[in-house]
Amino acid sequence: MRLILLGAPGAGKGTQANFIKEKYNIPQISTGDMLRAAIKAGTELGLAAKKVMDAGQLVSDDIIIGLVKERLKEADCANGYLFDGFPRTIAQADAMKDSGVNIDYVLEIDVPDELIVERMSGRRSHPASGRVYHVKFNPPKVEGKDDVTGEPLVQRDDDTEETVKKRLAVYHNQTEVLLGYYNKWADSGLPGAPKYRKISGVGPVEQ
Ligand code: AP5
Ligand code: ZN
């Protein structure tokens, strides 16, 4: 199974990815998680990306496309993959299409902007596993601790109200165009075209 999860910051891509990757036994390829790992490791890429991410802007297409192409060469992608937060621009989507990276389903998670800031301010993450919690909507069993490892949860640096608003604007300006891009491709019925499904992300996580 080869999937793309599309949706605004805070729509619940990472949250749903955790269920989907287990059900289909495929890796979650989250470019956001990969960049945060580079920041933590203090690499040159991480240093450059941190400034851009803290400003709520997008990291350059060349860097992101290079990262994903390398990631797809790894053995665990043989059975499929789940893109989370990628592609985010037409250039990224075209790069995948041009390199013959096939997609079975594009899943759009739809959540209105009004709900996003509250979701982000209460988010807590376990970076090593990608597990995501919310202090109110999806609390961990023990406050501040990951359910599986018991390790401390962290808040993301880009989850301040000001940066979230910038990220939403960037989503509407640069990423939302992909909804039409993939819808049109799906409707074309051409060989290799993905199927497109829009799903409401407003209900409870399990739903
Ligand atoms: P990235 O890490 O991809 O962030 P994002 O797309 O902004 O999305 P989020 O991770 O914030 O949200 P999510 O949809 O995963 O929601 P989650 O499940 O966590 O990117 C970060 C930055 O990296 C970008 O700004 C950019 O700078 C850079 N970057 C990354 N990829 C890039 C690319 N391809 N090109 C260029 N730059 C790139 O849920 C959010 C909260 O809501 C959680 O607390 C969760 O518990 C809660 N929640 C989830 N579902 C529900 C529900 N149904 N009801 C109530 N609460 C819920
Ligand atoms: Zn995420």
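Since this is a predicted model, take the numbers as computed values, not measurements. Both counts, for ligands and for their atoms, begin at 1 and track the order of listing.
Counting protein heavy atoms only, atom 28 (C) of ligand 1 is closest to L35 CD1, 3.6 Å. For atom 22 (C) of ligand 1, the closest non-hydrogen atom of the protein is M53 CE, 3.8 Å. With hydrogens left out, the protein atom closest to atom 8 (O) of ligand 1 is K13 NZ, 3.1 Å, a heavy atom. The nearest protein atom to atom 37 (N) of ligand 1, hydrogens excluded, is given as V59 N, 3.1 Å; this is a heavy-atom distance. Protein heavy atom nearest atom 4 (O) of ligand 1, with residue, atom name and distance: R156 NH2, 3.2 Å. Of the protein's non-hydrogen atoms, G10 N, 2.8 Å is the one closest to atom 12 (O) of ligand 1. Ranking protein heavy atoms by distance to atom 18 (O) of ligand 1, first place goes to T15 OG1, 2.5 Å. Counting protein heavy atoms only, atom 27 (O) of ligand 1 is closest to Q57 O, 2.5 Å.
Contact between S125 and ligand 1 is absent, with no heavy atom of the residue lying under 4.0 Å from the ligand. Within the 4.0 Å heavy-atom cutoff, M120 counts among the residues contacting ligand 1. Using a 4.0 Å cutoff on heavy atoms, R36 counts as a contact of ligand 1. Contact analysis leaves K136 out of contact with ligand 1, as no non-hydrogen atom separation drops below 4.0 angstrom. Using 4.0 Å as the threshold, A8 has a heavy atom nearer than that to some atom of ligand 1. Assignment of G201 to the shell around ligand 1 is supported, since a heavy atom sits closer than 4.0 Å.
Below 3.5 Å of separation, one finds no N or O of F86 facing any N or O of ligand 1. For ligand 1, one of its N or O atoms has an N or O atom of R119 under 3.5 Å away. Backbone and side-chain nitrogen or oxygen atoms of P87 are examined, and none is located within less than 3.5 angstrom of a nitrogen or oxygen of ligand 1. Any N or O atom pair closer than 3.5 Å counts here, and G85 shares at least one such pair with ligand 1. On a distance-only criterion, G12 and ligand 1 share at least one N/O pair closer than 3.5 Å.
In this structure, Y24 places its OH atom where only 12 or fewer heavy-atom neighbours from other residues, nucleotides or ligands lie under 6.0 Å away. Counting non-hydrogen atoms of other residues, nucleotides and ligands closer than 6.0 Å to NZ of K166 gives a total above 12. For K165, the NZ atom sits in a loose shell: 12 or fewer heavy atoms of surrounding residues, nucleotides or ligands are nearer than 6.0 Å.
Distances below 4.0 Å separate heavy atoms of T31 from the following atoms of ligand 1: 30 (C), 31 (N), 32 (C), 33 (C), 34 (N). Which parts of ligand 1 touch F137 is read off a 4.0 Å heavy-atom cut-off, strictly below it: atoms 55 (C), 56 (N).
Side-chain contact between Y105 and P194 is absent, with no heavy-atom pair separated by less than 4.5 Å.
Scanning P9, S200, G14 for the heavy atom closest to atom 15 (O) of ligand 1 points to G14. Proximity annotation for atom 20 (O) of ligand 1: of R167, R88, E206, R124, R88 comes nearest, heavy atoms only.
Using cut-offs of 30° and 60° on the angle between ring planes, the pair Y81 and F83 is tilted.
Using a 4.0 Å cut-off between a side-chain N of Lys or Arg and a carboxylate O of Asp or Glu, D104 and K195 do not qualify as a salt bridge. Ion pairing between K50 and D157 holds under the 4.0 Å rule for side-chain N and carboxylate O. Look at D76 and K21 and you find no salt bridge, because none of the NZ, NE, NH1 or NH2 atoms lies under 4.0 Å from a carboxylate O. A salt bridge does not link K184 to D187: none of the charged side-chain nitrogens sits closer than 4.0 Å to a carboxylate oxygen.
In this structure, the separation between CG on N79 and CZ on R2 is 10.5 Å, given to the nearest 0.5 Å. In this structure, the separation between OG on S200 and CD on Q207 is 7.5 Å, given to the nearest 0.5 Å.
Using a 4.0 Å cut-off between heavy atoms, Y133 contacts ligand 1 through its backbone alone, with no side-chain atom that close. With a 4.0 Å cut-off on non-hydrogen atoms, V170 does not touch ligand 1 at all. With a heavy-atom cut-off of 4.0 Å, I64 touches ligand 1 through its side chain alone.
For the residue pair D158 / T163, no side-chain donor-acceptor distance below 3.5 Å is found, with atom types taken as modelled. A donor-acceptor pair shorter than 3.5 Å can be found between the side chains of D113 and H172.
A search for side-chain hydrogen bond (donor to acceptor under 3.5 Å, both in side chains) contacts involving R88 returns nothing, not counting sequence neighbours.
Among all heavy-atom pairs drawn from I65 and A95, the shortest one is CD1-CB, 3.6 Å.
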